[in-house]
There are 2 protein chains.
Amino acid sequence: MVGRPAIVELTSVALPDAELVARLFRTLGDATRLRVVELLIEQGELHQMEIVRRLDASQARVSEHLTCLIWCGFVSTRTEGRRTFYRVTDKRVRSLISSAHRFLSGNQAAIASCRKVDG
Amino acid sequence: MVGRPAIVELTSVALPDAELVARLFRTLGDATRLRVVELLIEQGELHQMEIVRRLDASQARVSEHLTCLIWCGFVSTRTEGRRTFYRVTDKRVRSLISSAHRFLSGNQAAIASCRKVDG
DNA sequence: ATCTATCAGCCGGTTTTCCGGATAGTAACA
DNA sequence: TGTTACTATCCGGAAAACCGGCTGATAGAT
């Protein structure tokens with residue numbers, strides 16, 4: 001018997017745990033996305049055009065990065081009038097980033113000069 | 001007067017802080033590298049071929065990833081005979097990774113389905 | 001000395017990811 | 001309803017990163 005296909009699930013393909021964690025790290029592995037998150041942590045809440053101005057990035061870029069950050073649970077939103085405000089609510093995001101900063105102190109030079117895998 | 005060029009410095013170009021932190025995140029943003037680090041955290045100390053066997057990855061890949069991890073300060077080494085043993089000594093690495101795992105719990109589905117920037 | 005186990009480096013190809021620029025959608029407001 | 005903010009999406013092109021396969025180097029064993 002051939003039935004109709006099953007309802008599409010968000011996580012139809014179970015990714016291995018390491019791939020998930022790696023993906024999480026990659027989300028913060030882009031300087032622009034990271035700057036957005038850190039800016040929101042500092043400022044508390046901003047709407048998109050304000051982020052665009054402060055980071056001097058294109059609106060399209062910021063919009064796409066925000067979509068990604070929201071999707072992954074780093075940023076949450078609130079709409080007011082014709083503006084959408086973005087903020088970081090999850091405290092685990094802050095602790096993750098400060099963890100990174102702690103590791104970075106003393107390793108800046110090494111990481112700055114690391115050529116990654118291939119030269 | 002035209003002198004000889006200055007001695008090459010490791011960090012001749014000062015990278016902005018955000019780019020450094022992003023690069024740090026990207027280092028753990030590859031599943032294979034992450035698995036190497038987590039394996040070493042669990043097992044304490046392993047030589048390269050042992051890592052190759054346990055991860056079922058090619059020796060060349062593991063070697064290059066290890067080079068990167070050593071370079072960035074995640075992993076340190078000890079040579080004994082013709083073997084080199086690798087381990088994670090910096091406790092900040094552990095706390096960084098467990099920070100990530102804490103954030104991941106409750107966000108797996110979201111991160112698994114996130115399409116990043118472009119579709 | 002020769003062979004073997006272990007580790008490192010290079011190269012070509014493919015995939016992923018980022019960006020600029022243009023375009024389309026949406027909600028408030030006159 | 002038309003205009004004006006504001007936000008979202010699409011489309012090449014370019015750069016970064018990963019991988020497989022091969023080669024080279026070194027230290028111990030035979």
Side-chain angles (χ1 to χ4, degrees), chain A residues 15-16 18-19 22-36 40 45-72 75-87 111-119, chain B residues 15-16 18-20 22-36 40 45-72 75-87 111-112 114-119:
Chain A
L15 272 63
E19 181 52 52
R23 195 184 273 230
L24 157 60
F25 278 122
R26 258 177 292 162
T27 305
L28 295 177
D30 176 75
T32 304
R33 274 196 298 274
L34 184 66
R35 287 202 299 153
V36 169
L40 290 176
E45 192 178 59
L46 296 172
H47 61 97
Q48 191 177 113
M49 289 312 289
E50 187 63 29
I51 299 173
V52 169
R53 272 188 288 275
R54 299 210 189 201
L55 297 188
D56 192 33
S58 78
Q59 182 271 321
R61 277 305 82 212
V62 170
S63 173
E64 306 228 45
H65 283 315
L66 280 171
T67 300
C68 167
L69 290 170
I70 293 162
W71 193 268
C72 291
V75 167
S76 49
T77 65
R78 175 178 69 88
T79 301
E80 181 182 309
R82 58 180 144 188
R83 292 182 161 172
T84 305
F85 288 91
Y86 304 86
R87 65 193 190 284
I111 292 183
S113 60
C114 176
R115 299 185 172 199
K116 280 295 164 50
V117 173
D118 288 47
Chain B
L15 272 64
E19 181 52 52
L20 269 178
R23 194 185 273 232
L24 156 62
F25 279 122
R26 257 177 293 161
T27 304
L28 296 177
D30 176 75
T32 304
R33 274 196 298 272
L34 183 66
R35 287 202 300 153
V36 169
L40 290 177
E45 192 178 58
L46 297 172
H47 60 96
Q48 192 177 112
M49 289 312 290
E50 188 62 30
I51 299 174
V52 169
R53 273 188 288 274
R54 299 208 189 202
L55 298 188
D56 191 33
S58 78
Q59 181 270 323
R61 277 305 81 214
V62 170
S63 173
E64 306 231 43
H65 283 315
L66 279 171
T67 302
C68 168
L69 290 170
I70 294 162
W71 193 269
C72 291
V75 167
S76 48
T77 67
R78 175 178 68 88
T79 300
E80 182 181 308
R82 60 179 146 188
R83 291 183 162 172
T84 305
F85 288 91
Y86 304 86
R87 64 193 189 284
I111 291 183
C114 177
R115 299 184 172 199
K116 280 295 163 53
V117 172
D118 287 48

Starting at CZ of Phe25(A) and ending at C1' of dA17(D), how long is that distance when rounded to a whole Å?
18 Å

Rounded to whole Å, please give me the gap between CD in Glu64(A) and C1' in dT16(C).
15 Å

Could you tell me whether Ser63(B) contacts a base, only the sugar-phosphate backbone, or nothing, with contacts defined as non-hydrogen atoms closer than 4.0 Å?
base

Nearest whole angstrom, please: distance from the C1' of dC7(C) to the CG of Leu69(B).
15 Å

State whether the side chain of Arg83(B) and the backbone N or O of His47(B) hold a donor-acceptor pair below 3.5 Å, judged by distance alone.
no

I need the CZ-C1' distance between Arg115(A) and dC18(D), as an integer number of Å.
18 Å

Would Gln48(B) and Tyr86(B) count as having a side-chain donor-acceptor pair, cut-off 3.5 Å?
yes

How many Å lie between CD on Glu19(A) and C1' on dC18(D), as a whole number?
12 Å

What pair of heavy atoms forms the shortest contact from Leu28(A) to Leu34(A), and how long is it?
O-CB, 3.9 Å

Without decimals, in angstroms, what is the distance between Leu34(A) CG and dC18(C) C1'?
15 Å

Between Ala60(A) and Gln48(B), who's closer to the 5' end of DNA chain C by nearest nucleotide?
Gln48(B)

Main chain of Gln59(B), side chain of Ser63(B): is a donor-acceptor contact present, judged purely on distance under 3.5 Å?
no

Distance-minimising heavy-atom pair for Gly29(A) and Arg26(B)
O-NE, 2.7 Å

Any chance you could measure Ile70(B), atom CD1, to Leu66(B), atom CG, to the nearest 0.5 Å?
5.5 Å

Measure from NE2 on His47(A) to C1' on dA8(D) and round the result to the nearest Å.
17 Å

With a 4.0 Å cut-off on heavy atoms, is Arg33(B) in touch with a base, just the backbone sugar-phosphate, or nothing at all?
sugar-phosphate

For the pair Arg78(B) (side chain) and Arg87(B) (backbone), establish whether a donor and an acceptor sit closer than 3.5 Å, ignoring hydrogens and angles.
no

Please give me every residue in residues 75-83 of chain A whose heavy atoms get under 4.0 Å of an atom in DNA chain C, ordered by residue number.
Gly81(A), Arg82(A)

Using only side-chain N and O atoms of His65(A), determine if any of them is under 4.0 Å from OP1 or OP2 of dC19(C).
yes

DNA chain D: Leu66(A) or Ser58(B), which has the more 5' nearest nucleotide?
Leu66(A)

Keeping Arg33(A) on the side-chain end and Val62(A) on the backbone end, is there a donor-acceptor pair under 3.5 Å?
no

Does Gln59(B) place a side-chain N or O at less than 4.0 Å from the phosphate oxygens OP1/OP2 of dG20(D)?
no

CZ of Arg53(B) versus C1' of dA5(C): gap in Å, rounded?
10 Å

Distance test, side-chain N/O of Tyr86(B) to OP1/OP2 of dA8(C), below 4.0 Å:
yes

Picking from dC6(D), dC19(C), dC22(D), the nucleotide nearest the side-chain atoms of Met49(A) would be dC6(D)

Is Thr32(A) close enough to dC19(C) that one of its side-chain N or O atoms is under 4.0 Å from OP1 or OP2 there?
yes

Please state whether the phosphate of dT17(C), meaning OP1 or OP2, lies under 4.0 angstrom from any side-chain nitrogen or oxygen of Arg26(A).
yes

